[in-house]
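See structure below.
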Amino acid sequence: MNPAGASKQTYAETPRRWIVVMGTIVAIGPMSIDMYLPALPAIQQHFGADTASTQFTLAAFFIGLAVGQLIYGPLSDRIGRRGPLLFGLIVYTLASAACMFAPDIQALTGLRLVQALGGCAGMVMSRAMVRDRFEPQEMARILSALVLVMGVAPILAPMVGGQVFVAFGWQAIFGVLALFGAICVLLAWKHLPETLACPMPVNAWSALRGYAGLLGHRRFMGYALSGATAQAGMFSYISVSAFVFIDHYGLGPTQFAWMFGANAAGLIAASQLNAALLRRLPAQQVLRAALASNALAGGAMLMAALTGFAGMWGVIVPLFVAIASLGFTFPNSTAAAMAPFGDRAGMASALMGTLQFGLAALTGALAGHLQKAGGAVPMAAVIFAGGLMANLLLRVLVTEPRETHA
């Protein structure tokens, strides 16, 4: 394992154990989001809540991820990555356990917020630690490898969540998440040394100035917003897919879990193809093609939902393509955005995460509100709009169409 301050590594030199541990910690996000999706209708019934209130337990998690990262970013640039990471993972573990005993939907929503405030530490630190150790083009390849590890979570989480829910009830799902959090604490303690070589003298004022500088950086914002906007469409799918495919199309919880897992498998396969493509092509070129594919798939899905063409399959097939395209957009937009900010990797990582999950909270809430009308049209419309906006933002804000380096 490289000590802090060591020279940059390549993908081939990276210990696979480090990638597995890092990917496992990053999987806290999809585990916490996806595992309880099959139980959402049952949670709604258990508390006697309406659909919007139940879906807000997911939106609250997104809000926690968005807000918490702004705190961890400058903190990690000042005191290092390891301490804040361990603190956040412990908070996540305790909040997950507390979710089992929530007396009402409001308490569950608040605990989900705290759960996210802890869990987001892994997201900030993972991107920052990768930037500490790798140059940008290699960073995109490492992030693709992390998707391979963390991508197992969206496949297994809804399946495991569905089985745990059927056997033991929805509360047991949060018990499993608490156990997973405890495992992540142990893995981080044992296998993730400090990677920050030169801490910065960050205080509240300098953090604000740092974030203002990032917000005014066209290249950073172009890549960060295009990646976040495309992924926001995925979070609208996550927010309402259980209601679309279980309530509207009549899938059972197990069938829904298999469908959800197949989409996650497509994202993983795309991320591994991305790692291979980056040996020959710059990250920006792959990103542009992926965003175009995302928008086209979203448009096809919306047309199928509006017309009823091919029924459920008319929605599922383009949905698969739209989700798979994110296997290219996440690593490449992240690497391209963070490339100029090796000295502020924590803040750059945090702001990217805040933009991503802030948009996720908004689009999830919007999709939940529109879902009152029922059917697949609201979900498809939000995904299509996100794809279009991502392409527009990249074209307008990033003005180096011939660039060849991340």
Could you walk me through whether Tyr72 and Leu85 satisfy the side chain to side chain contact (heavy atoms under 4.5 Å, CB included) test, starting with their C-alpha distance in whole Å, then the side-chain angles of each, then the deciding distance to 0.1 Å, before giving a yes or no? CA-CA 9 Å; Tyr72 286 114; Leu85 173 62; over 6 Å; no

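- Considering only heavy atoms from C-beta on, Leu146 comes within 4.5 Å of Val130 through its side chain.
- The structure places CD of Gln231 at 12.0 Å from OG of Ser236, a figure rounded to the nearest 0.5 Å.
- Remark: side-chain polar atoms of Ser126 are paired, donor with acceptor, to backbone N or O of Met123 under 3.5 angstrom.
- Residues Val244 and Gly375 come closest through the heavy atom pair CG2-O, 3.6 Å.
- Residues Asn263 and Met259 meet the side-chain proximity criterion, which asks for heavy atoms closer than 4.5 Å.
- No side-chain heavy atom of Val164 sits under 4.5 Å from any side-chain heavy atom of Met35.
- Atom CH2 in Trp189 sits 16.0 Å away from atom SG in Cys184 (nearest 0.5 Å).
- The CG atom of Leu273 sits 9.5 Å away from atom CG of Leu278, with the distance rounded to the nearest 0.5 Å.
- Paired with Ser226 under the rule side-chain contact (heavy atoms from CB on, under 4.5 Å), one option of Asn391, Asn332, Thr329, Leu394 passes, and it is Leu394.
- Listed here is the closest heavy atom pair of Thr334 and Met139: CG2-CE, 4.0 Å.
- Counting heavy atoms from C-beta on, the side chains of Arg141 and Ser144 never come closer than 4.5 Å.
- A donor-acceptor pair under 3.5 Å is formed between the side chain of Arg218 and the backbone N or O of Val396.
- Remark: side-chain polar atoms of Arg112 are paired, donor with acceptor, to backbone N or O of Ser32 under 3.5 angstrom.
- Across all non-hydrogen atoms, the minimal contact from Glu194 to Ile79 is OE1-O, 4.5 Å.
- Counting only distance, with no hydrogens or angles, the side chain of Thr363 and the backbone of Ala232 share a donor-acceptor pair below 3.5 Å.
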Per-pair distances, 0.1 Å, donor-acceptor, side chain in residues 293-301, under 3.5 Å, sequence neighbours excluded:
{"residue": "Ser293", "atom": "OG", "partner": "Ala289", "partner atom": "O", "Å": "3.1"}
{"residue": "Asn294", "atom": "ND2", "partner": "Ala322", "partner atom": "O", "Å": "3.1"}
{"residue": "Asn294", "atom": "ND2", "partner": "Ser325", "partner atom": "OG", "Å": "3.1"}

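- Rounding to the nearest 0.5 Å gives a distance of 15.5 Å between CE of Met347 and CE of Met352.
- Not one N or O on the side chain of Arg81 forms a donor-acceptor pair closer than 3.5 Å with the backbone of Pro193.
- The two residues Ala116 and Phe61 have their closest heavy-atom pair at CB-O, 3.1 Å.
- Annotation: the span from Leu225 atom CG to Leu355 atom CG amounts to 5.5 Å, rounded to 0.5 Å.
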Could you list the donor-acceptor pairs under 3.5 angstrom formed between side-chain atoms of residues 99-106 and any protein atom two or more places apart in sequence or on another chain?
{"residue": "Asp104", "atom": "OD1", "partner": "Gln106", "partner atom": "N", "Å": "3.2"}
{"residue": "Asp104", "atom": "OD1", "partner": "Ala107", "partner atom": "N", "Å": "2.7"}

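- Side-chain atoms of Val398 and Arg288, non-hydrogen and from C-beta on, do get closer than 4.5 Å to each other.
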Working note: Leu58 + Ile33, criterion side chain to side chain contact (heavy atoms under 4.5 Å, CB included); need CA distance, chi angles, decisive distance, verdict. CA-CA 7 Å; Leu58 184 59; Ile33 294 167; 3.7 Å; yes

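- Of all non-hydrogen atoms in Phe165 and Ala42, the two that sit nearest each other are CZ-CB, 3.3 Å.
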Side chain to side chain contact (heavy atoms under 4.5 Å, CB included) between Leu177 and Gln115, worked out: CA-CA 10 Å; Leu177 291 175; Gln115 189 188 32; 3.9 Å; yes

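- A side-chain donor-acceptor contact under 3.5 Å links Arg127 to the backbone of Ser349.
- Using modelled atom types, one side-chain atom of Gln255 and one backbone atom of Gly252 make a donor-acceptor pair closer than 3.5 Å.
- Between the Thr354 side chain and the Ala66 main chain, a donor and an acceptor come within less than 3.5 Å of each other.
- Side-chain contact between Val240 and Leu370: absent, with no pair of heavy atoms (C-beta onward) separated by less than 4.5 Å.
- Judged by distance alone, with hydrogens and angles left aside, the side-chain atoms of Tyr237 form no donor-acceptor pair with the main-chain N or O of Leu319 at under 3.5 Å.
- Judged purely by atom type and a 3.5 angstrom limit, Arg131 uses its side chain to pair as donor or acceptor with the backbone of Phe134.
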Before giving the answer on side chain to side chain contact (heavy atoms under 4.5 Å, CB included), spell out for Met125 and Leu192 the whole-Å C-alpha distance, their side-chain angles and the decisive distance to 0.1 Å. CA-CA 11 Å; Met125 302 310 155; Leu192 296 181; over 6 Å; no

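- In this structure the side chain of Tyr36 reaches within 4.5 angstrom of the side chain of Phe174, judged on heavy atoms.
- Between atom CG of residue Leu388 and atom CG of residue Leu393 there is a gap of 11.0 Å, rounded to the nearest 0.5 Å.
- The closest side-chain heavy-atom distance from Tyr249 to Ile316 is not below 4.5 Å.
- Nearest heavy-atom pair across Phe220 and Leu214 is CD2-O, 3.5 Å.
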